[in-house]
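Order of appearance sets the numbers: ligands from 1, and atoms from 1 within every ligand. In this text the structure is predicted, and so the values were computed from the model without any measurement.
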Amino acid sequence: MHENFSLKPYNTFGVDAEARYFTEANDVEQLKSAVNFAKSESLNLLFLGGGSNLLFTQHFDGLAVKINFKGISEEVLNENSVLVTAKAGENWHEFVMYCLEKNYGGLENLSLIPGNVGTSPMQNIGAYGTEIKDVFASCTVLNLETLEVETFNLEKCRFGYRDSIFKQEGKGKYVILEVKFKLTRKDHSIKTEYGAIQAELDKSGIQNPTIQDVSKAVINIRQSKLPDPKITGNAGSFFKNPTIPLAQFEDLKLKFENIQGYPNGNQVKVPAGWLIEQCGWKGKRIGNAASHQLQSLVIINATGKATGKEIFDFSAEIINSVKEKFGIELEREVNII
Ligand SMILES: Cc1cc2nc3c(=O)[nH]c(=O)nc-3n(C[C@H](O)[C@H](O)[C@H](O)COP(=O)(O)OP(=O)(O)OC[C@H]3O[C@@H](n4cnc5c(N)ncnc54)[C@H](O)[C@@H]3O)c2cc1C
């Protein structure tokens, strides 16, 4: 157990916040004893994966526990399906690469997302037309009140767009221990219609892409437009894409004819990046925080010296200006501590 421990290497924003106590859990027993310590000392708990979806706006006055459980196992279900189980502390991208090496399909569009497997259900991670809910079988969790292990199936996780029970009523109540995915062994469903995947494949002259080709295309696209957190602190998209009523979208279209939207019934999803850009934020810097020059949805620690409060205040200014110009309230995707 460490005291007054710097979390700078444990969050991809590179913010220098401290935890009053810090420990690592390599298995469920170590996790339980950390939880019991926190209970006996009346300390708040914070669980850490890769720290790629967190912003520390202050020091954490409690016990931070880094979840390090490792291990991957498989169970062939039939000719075309396999159930792959990964422990929470496995790195997400390495897990995707492991599955691709075995030619297991379903996760290729989610290549190169930072973070750990155990955190992937928290916000139902998604990219390029795929979300984990599409291949999710179940996860096991530790109930922090009873210290019992429970299983959550797809329905119980209540996945939504960048959302799940773990961000809503289950917030702070469970630690995810491992996740099971149902993947394909041969009849893979290849998804190339989203974003620039098809264009990227065309560039390489690939006509009948494999899941490995799709993964490579996704990696190339991501590397060309997203800042690498090892070089520039960030947590990916800072905001969710807002969903607004169709009537509001039609009113906005009269005023802003270039506004983009993806209709879904009576609702329309509007790209937050476009809204932010229209308010003049792309590439703009205030103090040590900035909006990324290629992707305005990403807020960066521009100098490496930004405090979490500075980044938070920067995000608040963006929210205010989008609200003023479009009447749309942006919601933060990043977990604020
Ligand atoms: C460059 C970049 C690109 C990104 N692109 C995408 C993208 O395309 N799609 C996408 O969905 N996300 C994206 N993200 C966000 C991020 O990678 C994901 O949200 C990822 O799942 C976070 O994992 P993590 O392990 O780093 O979580 P952390 O930041 O460590 O934790 C996130 C939250 O989960 C809690 N938590 C951590 N571990 C556990 C556990 N075992 N049990 C319960 N709670 C836990 C934490 O307390 C915190 O509240 C991106 C981030 C970056 C930096």
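- The two residues A306 and V15 have their closest heavy-atom pair at O-CG2, 4.0 Å.
- At a 4.0 Å cut-off, not a single heavy atom of G89 sits close enough to ligand 1 to count as contact.
- Of the listed residues (G236, P121, A25, S111), the one carrying the non-hydrogen atom nearest atom 53 (C) of ligand 1 is G236.
- By the 4.5 Å heavy-atom criterion applied to side chains, F239 and I299 are counted as neighbours.
- The distance from ligand 1 to the heavy atoms of G51 drops below 4.0 Å at these ligand atoms: 24 (P), 26 (O), 28 (P), 29 (O), 30 (O).
- Under the salt bridge (charged side-chain N to carboxylate O under 4.0 Å, His left out) rule, K240 has a single partner from E333, E329, E331, which is E331.
- The N/O atoms of I67, backbone and side chain alike, include none that comes under 3.5 Å of an N/O atom in ligand 1.
- Taking the six-membered ring where the residue is Trp, H2 and F5 present tilted rings, their angle falling between 30° and 60°.
- Considering both main-chain and side-chain atoms, N116 comes within under 3.5 Å of ligand 1 through a nitrogen or oxygen pair.
- In terms of heavy atoms, G106 sits closest to L183 at CA-CD2, 4.2 Å.
- Every atom of ligand 1 is numbered from 1 in the order shown, and the set under 4.0 Å from a heavy atom of V175 is 41 (N), 42 (N), 43 (C).
- Atom 46 (C) of ligand 1 has as its closest protein heavy atom F47 O, 3.0 Å.
- Polar contact with ligand 1: present for S52 (N/O pair, distance under 3.5 Å).
- At least one heavy atom of R162 sits less than 4.0 Å from an atom of ligand 1.
- Listed by number with element, the atoms of ligand 1 under 4.0 angstrom from any heavy atom of R222 are 3 (C), 4 (C), 5 (N), 6 (C), 7 (C), 8 (O).
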